[in-house]
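Working notes for the structure below.
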Amino acid sequence: MAILLGSIADDYTGASDLANTLTKNGLRTVQTVGIPDPTLALPDVDAVVVSLKIRSVPAPDAVTAATRAERWLRQRGAGHVLYKICSTFDSTDAGNIGPVTEALSEAAGGGSVLVTPAFPETGRTVYLGHLFVGSQPLNESPLKDHPLNPMHDANLVRVLARQSRNAVGLVDLTAIAAGPDAVKAKLDALRTAGVTIAIADAIFERDLETLGEIALETPVSTGASGLGLGLARALVRSGRISSGGATTADAIRPVGGLSAIVAGSCSKATLRQLDVAERSMPVLRLDPERLLAGPDEVATAISWAGDRISAGPVVIAASAAPETVSRLQSLYGREASGHAIETATSIITAELVQRGVRRLVIAGGETSGAAVDRLAIPAFLIGPEIAPGVPVLRTVGNTQGDMLLALKSGNFGGEDFFTAALAMMH
Ligand SMILES: Nc1ncnc2c1ncn2[C@@H]1O[C@H](COP(=O)(O)OP(=O)(O)O)[C@@H](O)[C@H]1O
Ligand SMILES: O=C(O)[C@H](O)C(=O)COP(=O)(O)O
C-alpha cells in the first residue's frame with residue numbers, strides 16, 4: 001500500500017473529521033486506530049489517518065507515539081505528514097501541539113512548518129494569528145470552559161510559543177491573499193530569522209488551498225481539517241491522485257443490530273443535542289460522583305440499557321454543564337475525574353456491544369478514544385458525512401463483526417445530530 005498523504009490525529013474524533021474531509025475532496029482514505037497490526041488487510045488508499053489518543057497525555061508520551069506513527073507512514077510512502085489537531089487548538093501550556101510539531105519536523109529533517117486550525121466550514125477562522133469560533137474569539141467561546149483544556153488565549157502565536165522550545169512566527173492573511181510565492185517569501189524570511197514554525201491565517205477555503213499547496217512542498221504541517229482540505233485539493237490538482245476519487249458506498253452497507261449513543265462531551269453543542277434527543281429516545285444522565293465512587297453507577301446504567309435497548313436506541317450520558325464539571329473537578333481533580341469517567345463510559349459502551357449494539361454514536365474525542373480502544377477496533381472505512389466534521393465510520397477487522405459508528409467531535413453537529421446519525425446507520 002503506497003500512500004501519498006499521512007496524518008497523525010491527536011484524538012479519534014479529530015481523526016474521523018479529517019478522514020471525512022480528505023474523502024470529500026477526492027482522496028481514498030482509511031482511519032487506523034494507532035499503528036495497525038501488519039496482518040490487518042487495509043484497502044488501497046491515497047491517505048491514511050492514524051488516530052492516537054495523545055491530546056491530553058504527558059508531552060514525552062505524545063512525542064513518542066507521534067514519531068512512531070510518522071515512521072510508519074513514511075515507510076508506506078507518505079511524502080507529507082499532517083499532525084491533525086483540534087480546530088479550537090485544544091491544548092495546555094504543557095502541549096502537546098508544540099512538542100509534537102517540533103518532534104515531527106526534526107524527524108523529517110527540519111524546515112518550515114505551517115500551523116493553522118482554520119476550518120471555515122465549522123466557523124473556525126484565523127486572523128493575525130487570532131482564532132475565532134464563529135464570531136467569538138477563542139477565549140470568549142464555550143471552549144473557555146473545556147473540561148480538560150480550557151482555552152483562555154485566542155492569540156495562537158502566543159499559545160504555541162508557550163508550549164514550544166523554539167520561537168513561533170506568523171504568516172498573515174496579506175501574504176496568503178497575495179498567493180503562494182508571497183507565502184514562500186514570508187516563510188523564507190522567517191527561516192532567515194531562525195523561525196521555522198509559523199501560525200498561518202485563513203478565513204476562506206481559498207486561503208487553505210494556498211496553504212495546502214505550500215505545505216505539500218514540505219514534509220510536515222500541523223492543523224485541523226481545513227488544512228487537510230488544502231492538502232487534498234493540492235494533491236488532486238497535482239495529478240498525483242490516480243483513482244477516480246473516493247467512494248463511501250462500501251462503508252455504509254447495513255450492519256443491522258441494535259443502536260445506542262454514549263456521550264462524554266460536555267461541550268455546549270453536545271449538551272443541546274442531548275436535550276433534543278430526550279424528546280424521542282430514553283436518555284440516562286449518569287451521576288458523575290457515583291461514577292467516581294465505585295462500580296455501582298456503571299452497573300445501574302447497564303441494567304437500565306438492558307431493559308430498553310431491544311425496543312430502540314438509548315442514550316447514556318456523563319455530560320454535564322460547566323459549573324457541575326468544575327465542582328466535580330474541585331473534588332476529584334481535572335485529569336483524575338476525566339480519566340475515570342472516560343473509563344466508565346468505555347465500560348458501558350463495551351457492555352452495550354456485548355448486548356447486540358452494532359450502530360453506535362459516541363460524543364467526545366477523549367470519550368471516543370477510550371471506548372474504541374476498549375472495543376479493540378483496529379481501523380475504519382469512511383462513510384458519508386452526517387454533519388460537517390462527522391462521517392459514518394465502518395469498522396475494519398473488528399473481532400465482533402462489522403459495526404457502524406459516528407465519533408462526534410464535541411462541538412460539531414446540529415441539535416438533531418443524534419437522530420440524524422442513527423437515520424443514516426442501518
Ligand atoms: N460530568 C462530568 N464531569 C467532569 N468531567 C466529565 C463529565 N462528563 C465527562 N467528563 C469528561 O470530560 C472530558 C470530555 O472530553 P471529550 O470526550 O474529548 O469531549 P469533547 O469532544 O467535547 O472535548 C472527558 O475526559 C470526560 O471523561
Ligand atoms: O474540532 C476538530 O478539529 C476536531 O474534530 C477535533 O479535534 C475535535 O476534538 P473533540 O475533543 O472531539 O472536540
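Side chains included, hydrogens not; waters and symmetry mates left out as well; all remaining heavy atoms used. Atoms within each ligand, like the ligands themselves, are counted from 1 in listed order.
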Next item on the list: Examine the proximity of ligand 1 to Pro288 and report which part, side chain or backbone, both or neither, has a heavy atom under 4.0 Å away.
Entry: side chain
Note to self: With a 4.0 Å cut-off on N to O distance, would you call Arg285 and Asp275 a salt bridge?
What the structure shows: yes
Notebook entry, point to check: Can you list the ligand 1 atoms lying under 4.0 Å from a non-hydrogen atom of Cys266?
Noted result: 6 (C), 7 (C), 8 (N), 9 (C), 10 (N)
Check: Nearest to atom 8 (C) of ligand 2, what protein heavy atom do you find, and at what distance?
Finding: Ser409 OG, 3.3 Å
Note to self: Once you restrict to heavy atoms under 4.0 Å, what part of Lys84 touches ligand 2? Side chain, backbone, both or neither.
What the structure shows: side chain
Check: Is it true that the side chains of Ser409 and Asn411 contain a donor and an acceptor less than 3.5 Å apart?
Finding: no
Notebook entry, point to check: Just heavy atoms, cut-off under 4.0 Å: does Pro147 contact ligand 1 by side chain, backbone, both, or neither?
Noted result: side chain
Margin query: Residue-level breakdown please: for His339 versus ligand 1, do any non-hydrogen atoms fall below 4.0 Å on the side chain, on the backbone, on both, or on neither?
Written below: neither
Next item on the list: Please state which part of Phe119 comes within less than 4.0 Å of ligand 2, counting heavy atoms only: side chain, backbone, both or neither.
Entry: neither
Item checked: Shortest reach to atom 25 (O) of ligand 1 by a heavy atom, considering only Glu366, Lys408, Glu342 -> Glu342
Note to self: With salt bridge (charged side-chain N to carboxylate O under 4.0 Å, His left out) as the rule and sequence neighbours excluded, what pairs involving residues 327-343 come up?
What the structure shows: Lys53-Glu342
Note to self: Suppose we measure from atom 27 (O) of ligand 1 to each protein heavy atom; which comes out shortest, and what is that distance?
What the structure shows: Gly338 O, 2.8 Å
Item checked: Under-4.0 Å salt bridge between Glu213 and Arg233 -> no
Check: Who's closest to atom 7 (C) of ligand 1 heavy-atom-wise, of Ile341, Leu328, Asn411, Thr13?
Finding: Ile341
Return all side-chain donor-acceptor pairs below 3.5 angstrom for residues 113-124, not counting sequence neighbours, or 'none' if the list is empty.
{"from": "Thr116", "atom 1": "OG1", "to": "Ala118", "atom 2": "N", "distance (Å)": "3.3"}
{"from": "Thr116", "atom 1": "OG1", "to": "Ala200", "atom 2": "O", "distance (Å)": "2.9"}
{"from": "Glu121", "atom 1": "OE2", "to": "Lys24", "atom 2": "NZ", "distance (Å)": "3.1"}
{"from": "Thr122", "atom 1": "OG1", "to": "Phe119", "atom 2": "O", "distance (Å)": "3.0"}
{"from": "Arg124", "atom 1": "NE", "to": "Ser87", "atom 2": "OG", "distance (Å)": "2.9"}
{"from": "Arg124", "atom 1": "NH1", "to": "Thr122", "atom 2": "O", "distance (Å)": "2.7"}

Next item on the list: Please write down residue, atom name and distance for the protein heavy atom closest to atom 12 (O) of ligand 2.
Entry: Thr13 OG1, 2.7 Å
Margin query: Side chain, backbone, both or neither: which applies to Asp11 and ligand 2 if a contact is any heavy-atom pair less than 4.0 Å apart?
Written below: side chain
Check: Does the pair Asp402/Arg394 count as a salt bridge with the N-to-O cut at 4.0 Å?
Finding: yes
Notebook entry, point to check: Which atoms from ligand 1 have a heavy atom of His146 less than 4.0 Å away?
Noted result: 20 (P), 23 (O)
Check: Looking at ligand 2, does Glu366 have a heavy atom less than 4.0 Å from it?
Finding: no
Next item on the list: Tell me which part of Arg124 gets within contact of ligand 2: side chain, backbone, both or neither, using heavy atoms under 4.0 Å.
Entry: neither
Check: Hey, is Lys144 close enough to Glu140 for a salt bridge, meaning N to O under 4.0 Å?
Finding: no
Notebook entry, point to check: For ligand 2, which atoms have a heavy atom of Asp17 less than 4.0 angstrom away?
Noted result: 2 (C), 3 (O), 4 (C), 5 (O)
